[in-house]
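The block underneath contains the structure these notes are about, expressed in structure tokens.
Numbers here simply count residues along the sequence, with the first being 1. Note that the structure is predicted; figures quoted are calculated from it, not measured. Counting convention: from 1, in listed order, for ligands and their atoms alike.
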Amino acid sequence: MSAIETIQQRRSAPKLTTPAPSAEHLQAILAAGLYAPDHGRLKPWKFLTVEGDARIKLGKLYLKAALAETADLSQERQQRIKNMPLRAPTVVIAVAQPVEGHKVPVLEQLIATGAAVQNMLLAAQELNIGAMWRTGEMAYKSVVKAGLGLQSKDEIIAYLYLGTAVLTAKPREPDAVDQYCVSWTGDD
Ligand SMILES: Cc1cc2nc3c(=O)[nH]c(=O)nc-3n(C[C@H](O)[C@H](O)[C@H](O)COP(=O)(O)O)c2cc1C
């Protein structure tokens, strides 16, 4: 399949189940991320893979973060929070670890990490592995960052959920290119 076909056919898989990507496929997906455009070759990223029981520990960390803000969460809500990382057999946490004070602005380093995530999504599509880019409130909580061993300047760019898609969504209908892309011809 051509790169353009892979791009056109990629869809997110909100429901994922086992089997998890094989070690070989996971490696290929992670490696694809590392080909992302990266100004200054700063490699301003870290990718944490979370599989098996580590997902349970991640769920507990989420709960700790939620309870630190709201002590009286219902049992149902607590359970839902704990179960979040169990929505896929494999979670890749894409973290931007920007180099501050560098001539390459932090924004560009965050974007490079996002580009790495997109590469991973496309690699997963190519390998017929279900994938979804999620963030949500747990991407922004200091307790979660600390529990993952991150610094406060680090940013969680994605929780990339990987597994076997329960349902395969149809490719999106193409957007009207002219609606979003215009030729800028400058001022006279
Ligand atoms: C930075 C970022 C964060 C996202 N976070 C979420 C999320 O937390 N929950 C969600 O349902 N979709 C999230 N999405 C959107 C999905 O990944 C997906 O792109 C969207 O549902 C459209 O589906 P499609 O990829 O099949 O076109 C996020 C996308 C991006 C780029």
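- The pair Glu69-Lys141 meets the salt-bridge criterion, since a charged nitrogen lies less than 4.0 angstrom from a carboxylate oxygen.
- For Lys60, the NZ atom sits in a loose shell: 12 or fewer heavy atoms of surrounding residues, nucleotides or ligands are nearer than 6.0 Å.
- In the vicinity of Ser12, heavy-atom distances shorter than 4.0 Å reach the ligand 1 atoms 17 (O), 18 (C), 19 (O), 23 (O), 24 (P), 25 (O), 26 (O).
- At the top of the distance list for atom 3 (C) of ligand 1, counting protein heavy atoms only, stands Thr135 OG1, 3.3 Å.
- Annotation: atom 9 (N) of ligand 1 to nearest protein heavy atom, Arg134 NH1, 3.9 Å.
- Between the side chains of Tyr161 and Arg87, at least one donor-acceptor pair of N or O atoms lies under 3.5 Å.
- No salt bridge links Glu51 with Arg55; every basic N to acidic carboxylate O contact stays at or beyond 4.0 Å.
- Here the side chain of Ser22 pairs a donor or acceptor atom with the backbone of His25 at under 3.5 angstrom.
- A donor-acceptor pair is defined here as one N or O able to donate and one able to accept, closer than 3.5 Å; such a pair exists between the side chain of Asp38 and the backbone of Lys43.
- Interface of Gly136 with ligand 1, defined as ligand atoms under 4.0 Å from a residue heavy atom, comprises 8 (O).
- Every atom of ligand 1 is numbered from 1 in the order shown, and the set under 4.0 Å from a heavy atom of Arg11 is 24 (P), 26 (O), 27 (O).
- Among Trp133, Tyr159, Tyr161, the residue whose heavy atom sits closest to atom 30 (C) of ligand 1 is Trp133.
- The closest non-hydrogen atom to atom 12 (N) of ligand 1, taken over Met132, Arg172, Arg10, Glu137, comes from Met132.
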